[in-house]
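Right, one structure below, let's go through it.
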Amino acid sequence: MSPAEPTRGGDPVGRVLTWLCTGFAMAGGLILVALTIITVISVVGRKLFSAPIAGDFELVEVGCAVAIFTFLPYCQLKGGNVIVDFFTLRVPASAQRSLDALWSLVYAGIAALVAWRMLFGGIDMYRFGEQTMVLGMPRWWGFVPIVVAVALLAIVALYTAWRTMVPARDPAP
Amino acid sequence: MSGVEVGLVMMVVMLALIALRMPIGVAMLLVGMVGYATLNSSGALINLLKTSAYWRFSSYDLSVVPLFLLMGQFATKAGMSKALFRAAYTWLGHRRGGIAMAAVGGCAGFGAICGSSLATAATMAQVALPELRRFNYSGALATGCLAAGGTLGILIPPSVILVIYAILVEANIATMFLAAFIPGVLAALGYVVAIAVYVRINPAAGPAGERTTTAQRLASMVEIWPVLLIFVLVLGGIYGGVFAPTEGAAVGAAGTGLLALTHGRMRLRGIFECVYGAAEASAMIFIILFGAEMFNSFLALTQIPAVTAQLIADLELSAILVLAVILVIYLLLGCVMDSLSMILLTIPIFFPVIATLDFGLPAEDLKIWFGIIALIVVEVGLITPPVGMNVFIINSIARDVPMLETFKGVMPFLLSDIVRVVILVAFPVITLGLVRLIN
């Protein structure tokens, strides 16, 4: 699999969004790789030297959550969500496109709602000073990238809805 | 309207939306949210959304999923598929149909470091297809054995879907992996038998390959040691309680990553590809997981799972009959739907039903046994027409073979799957034996 093709958006908006989504996915992926390394070091340290990294599992929990949220806009841009197309195989392509665009709009709405609510979820975490048990990491830290990622998801879903209805005229080669 | 009525209406709406191409995760989210707001209140929904996604995505048990996906991505770049195929070939290649058997063996080996069926099918196809064609295997057998062999990826641990099932029914992930081991080996053997029978009836479809010497056999085994090492390290560590499944997945990802760097000559570009691949697959899975979480919060309010279980219990149907009906539903759903969505949609309703029935098994054993059987049956959906993802992916690689040929080619394997399910249902000890032995 390759990074989101910029061909989808020969338009400037598409280019910017592709750049943002790929960047987010890459950042999340690097977090994932870093967590892998931390965990291995912790396991080896615990087994061989009885010296684990304290609270490594909290890093994994929060890190994985942040990583997965950053993956969502990328997946939407690449059209990676699972659909059942069996029942609409005989429906004209234009009608299929309309349905796809409509559902992208619905998804955008849901993402916007979730982003709005999670913004307040994060503010709550900040106000009540919620922390992780061992490391005492403030929980609101995680919410910052997550809320941005979900907001980006909403924008990307709007964009894919538009692009599904109005395919780019001259896709880049 | 009562809770049950609202629930039923919403379920119908959701299935209709899914049939109308709405992404499955989005459909579950939308219906779950609307249903939750109806039965509870919109205020409660608004409040729930503040943190529900955060807590769902930051559960330590689920952290295993992106890590296993990363491990699988690295495995596809580790350059071990050729060695695995060669190793199986030296043992099986000289038999009639032997190259196809070797492809199945290679898939089984690859499945031991990769938890995804599609990745297993696609990766093994790259190395096995040219060989199968070189020995003039029929298109049906060549593509059929790879599409079916790919399903071993998910059955032989590590397996992403098994992890999710375990979380849904609150079973122990390590125990589930342990239980999947013998059924996984049986599946590979069953496929080999299917090939043997197929080429006996139709000898031209799968001629024998070249005979190899014992020295070559041993040499080929030496080459696959990194795969064995990673498998033993990850699964042994998880079974042995040395580390948690999530840590095991991290160790596995590091292992296959290292192998890809050294043996597979992965470079920066390759790392990026793996990361993007894992990103897309994780996002795809977690949006469905989040949808299922929302939908299940709503479903719990409707009382449908409890009412259904009670209804089935009152009818006093035979346990096996109910199980058979559930498995047939899975087979039918599997024709049009992917396995993860099926598990997430149905387990919250089916499992309480199964749990009230008497199969002569303790509750913990029942969870494991039903999980393995359900997993096998939903995986059959990957190779059944009209929508068989494994068939599609193999077909996209073997462009000269018509889709219909591939679907014909998977039939013997489908038969083998069904026989295996019947055996596993009839003899729960096959699934549970290893678990009992180790515990």
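What you see is a predicted model, and the numbers here were worked out from it, not measured in a lab. We name chains A, B, ... by the order of the sequence lines, and we start the count at 1 in each one.
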[X] versus chain B, heavy atoms under 4.5 Å apart: side chain, backbone, both or neither?
X	answer
A:Glu58	neither
A:Leu113	side chain
A:Arg139	both
A:Val60	both

Are [X] and [Y] side-chain neighbours, meaning at least one heavy-atom pair lies under 4.5 Å?
X	Y	answer
B:Thr246	A:Phe57	no
B:Phe74	A:Thr36	no
A:Phe120	B:Asn47	no
B:Tyr54	A:Ile146	yes
A:Thr22	B:Tyr276	yes
B:Ile287	A:Tyr107	yes

Separation between [atom1] of [X] and [atom2] of [Y], rounded to the nearest 0.5 Å:
X	Y	atom1	atom2	answer
B:Thr51	A:Phe143	OG1	CZ	6.0 Å
A:Gln76	B:Glu280	CD	CD	10.5 Å
B:Leu20	A:Asp100	CG	CG	10.5 Å
B:Leu69	A:Leu32	CG	CG	9.0 Å
A:Ile68	B:Phe290	CD1	CZ	12.5 Å
A:Ile83	B:Arg21	CD1	CZ	4.0 Å

Part of [X] lying under 4.5 Å from any heavy atom of chain A:
X	result
B:Pro66	both
B:Ile285	neither
B:Val242	both
B:Ser63	both
B:Val387	side chain
B:Leu70	side chain
B:Met71	neither

Which atom pair, heavy atoms only, marks the closest approach of [X] to [Y]?
X	Y	value
A:Asn81	B:Pro23	CB-CB, 3.9 Å
B:Met284	A:Cys75	N-SG, 3.9 Å
B:Ala254	A:Val40	CB-CG2, 3.6 Å
B:Ala19	A:Thr88	O-CG2, 3.7 Å
A:Gly29	B:Val275	CA-CG1, 3.4 Å
B:Ser282	A:Phe71	CB-CD1, 3.8 Å

Ion pair check, B:Glu247 and A:Lys47, cut-off under 4.0 Å
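Between A:Lys47 and B:Glu247 there is no salt bridge, as every charged N stays at least 4.0 Å from the carboxylate O atoms.
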
Option that, when pairs with chain A are counted at under 4.5 Å, heavy atom only, ranks first among B:Ser341, B:Gly257, B:Ala278, B:Ala53:
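Of the options given, most contacts go to B:Ala53.
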
Among B:Asp338, B:Val251, B:Ile46, who wins on heavy-atom pairs under 4.5 Å with chain A?
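So the answer, after comparing B:Asp338, B:Val251, B:Ile46, is B:Ile46.
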
